[in-house]
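In what follows, a single structure is set out as structure tokens and then discussed.
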Amino acid sequence: MESSSPETTCRVVRPGPAIVGKQALTYAPAVSAETVGSTGLHMQLVTLPPGARARAHLHEAHETALHVLSGVAGTWYGERLEHHLWSRAGDFVYIPAGVPHLPYNASRTETCTAVIARTDPNEQESVVLLPELDALRPPEGDVMA
């Protein structure tokens with residue numbers, strides 16, 4: 001039986017040190033091009049303290065899926081952030097490639113944590129900030145749980 005090379009072997013990866021991404025959220029990278037040589041996906045944890053929110057953004061040509069582990073998040077989405085959805089612990093969320101979105105923690109007291117998977121192995125590579133949309137949904141307009 002042929003042994004696997006380091007590039008093609010199974011691995012256990014613990015989340016790395018927390019970083020603040022372009023979107024202004026705190027991430028703990030885990031599976032990525034940088035950590036394991038992934039070529040088609042990445043996974044990480046995102047933690048939103050009470051009342052935290054991202055900057056409006058989209059991911060060019062890459063799909064995103066989230067699994068909410070704790071808390072409640074609201075997400076504004078659409079070309080003008082005209083739509084809204086709720087996601088709670090246990091929920092899965094799908095965001096198609098190229099869809100503008102602005103997630104936020106919908107609690108003033110509870111942290112929201114989620115696992116994120118994206119079809120971009122380099123998490124920050126496809127992030128496009130949309131500052132012109134931020135003003136459409138100021139923080140005081142966020143719907144709280």
Side-chain angles (χ1 to χ4, degrees), residues 6-145:
E7 296 82 31
T8 60
T9 191
C10 297
R11 311 245 311 261
V12 172
V13 180
R14 297 198 185 280
I19 61 166
V20 177
K22 294 177 191 176
Q23 309 93 308
L25 297 179
T26 302
Y27 299 97
V31 174
S32 68
E34 295 79 12
T35 61
V36 298
S38 175
T39 60
L41 66 90
H42 90 272
M43 291 180 73
Q44 63 189 359
L45 290 174
V46 63
T47 302
L48 290 83
R53 71 190 333 248
R55 293 181 177 133
H57 65 282
L58 60 79
H59 302 274
E60 290 183 319
H62 294 286
E63 298 172 295
T64 301
L66 297 97
H67 177 63
V68 181
L69 300 175
S70 66
V72 180
T75 302
W76 297 104
Y77 69 97
E79 290 304 313
R80 307 285 297 156
L81 303 178
E82 67 273 21
H83 304 292
H84 186 271
L85 63 79
W86 291 108
S87 53
R88 293 174 168 76
D91 290 344
F92 289 84
V93 177
Y94 171 71
I95 302 172
V99 172
H101 55 285
L102 188 162
Y104 64 94
N105 183 338
S107 172
R108 299 280 185 222
T109 60
E110 189 178 339
T111 297
C112 182
T113 304
V115 174
I116 299 176
R118 191 168 297 114
T119 58
D120 181 351
N122 303 295
E123 199 285 324
Q124 294 289 299
E125 295 289 322
S126 69
V127 175
V128 177
L129 296 178
L130 302 168
E132 68 279 9
L133 297 184
D134 284 322
L136 296 177
R137 294 294 176 188
E140 57 274 8
D142 286 348
V143 181
M144 302 308 285

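For the single chain, residues carry numbers from 1 onward in sequence order. Source: prediction; values computed, not measured. Heavy atoms only: backbone and side chains are in, while hydrogens, waters and symmetry mates are out.
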Please give me the minimum heavy-atom distance between [X] and [Y], naming the atom from each residue.
X	Y	answer
Ala28	Gly16	CB-O, 3.6 Å
Val68	Ala114	CA-CB, 4.0 Å
Ala61	Ala97	C-CB, 3.6 Å

Those residues that, when tested against [X], pass side chain to side chain contact (heavy atoms under 4.5 Å, CB included) (two or more places apart):
X	result
Pro121	Ala33, Ser38
Leu69	Leu45, His67, Thr113, Val115
His84	Trp76, Trp86, Tyr104, Val143

Exam field: side chain [X] to backbone [Y], donor-acceptor pair closer than 3.5 Å:
X	Y	answer
Arg11	Thr35	yes
Asn105	Ala73	no
Glu82	Arg80	yes

Worksheet item: Going through the checks in order, is the side chain to side chain contact (heavy atoms under 4.5 Å, CB included) test met by His42 and Val31?
Response: CA-CA 5 Å; His42 90 272; Val31 174; 5.7 Å; no
Any side-chain heavy-atom pair from [X] and [Y] closer than 4.5 angstrom?
X	Y	value
Val127	Lys22	yes
Leu48	Leu25	yes
Glu34	Pro29	no
Thr75	Val93	no
Ser87	Leu66	no
Leu102	Leu133	no

Item to complete: Hey, could you give me the CG/CG distance between Asp134 and Leu129, rounded to the nearest 0.5 Å?
Response: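 These two atoms lie 8.0 Å from each other.
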Worksheet item: Which pairs pass salt bridge (Lys or Arg N to Asp or Glu O under 4.0 Å) with one or both residues in residues 85-111, sequence neighbours excluded?
Response: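 Checked against salt bridge (Lys or Arg N to Asp or Glu O under 4.0 Å) - neighbours excluded - no pair reaches residues 85-111.
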Fill in: Thr26 vs Ile19, side chain to side chain contact (heavy atoms under 4.5 Å, CB included): CA-CA, chis, key distance, verdict
CA-CA 6 Å; Thr26 302; Ile19 61 166; over 6 Å; no
Worksheet item: Quick one: side-chain hydrogen bond (donor to acceptor under 3.5 Å, both in side chains) partners of Thr109, sequence neighbours excluded?
Response: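 Thr109 satisfies side-chain hydrogen bond (donor to acceptor under 3.5 Å, both in side chains) with Ser107 once adjacent residues are dropped.
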Worksheet item: Hey, mind stepping through Asn122 and Ser32 against side chain to side chain contact (heavy atoms under 4.5 Å, CB included) and telling me if it holds?
Response: CA-CA 6 Å; Asn122 303 295; Ser32 68; over 6 Å; no
Discussion item. I need the full list of side chain to side chain donor-acceptor pair (under 3.5 Å) pairs touching residues 46-63, with sequence neighbours left out, sorted by first then second residue.
Written reply: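 Listed by first then second residue: Arg53-Asp142, His57-His59, His57-His101, His59-Arg118, His62-Thr119, Glu63-Tyr94.
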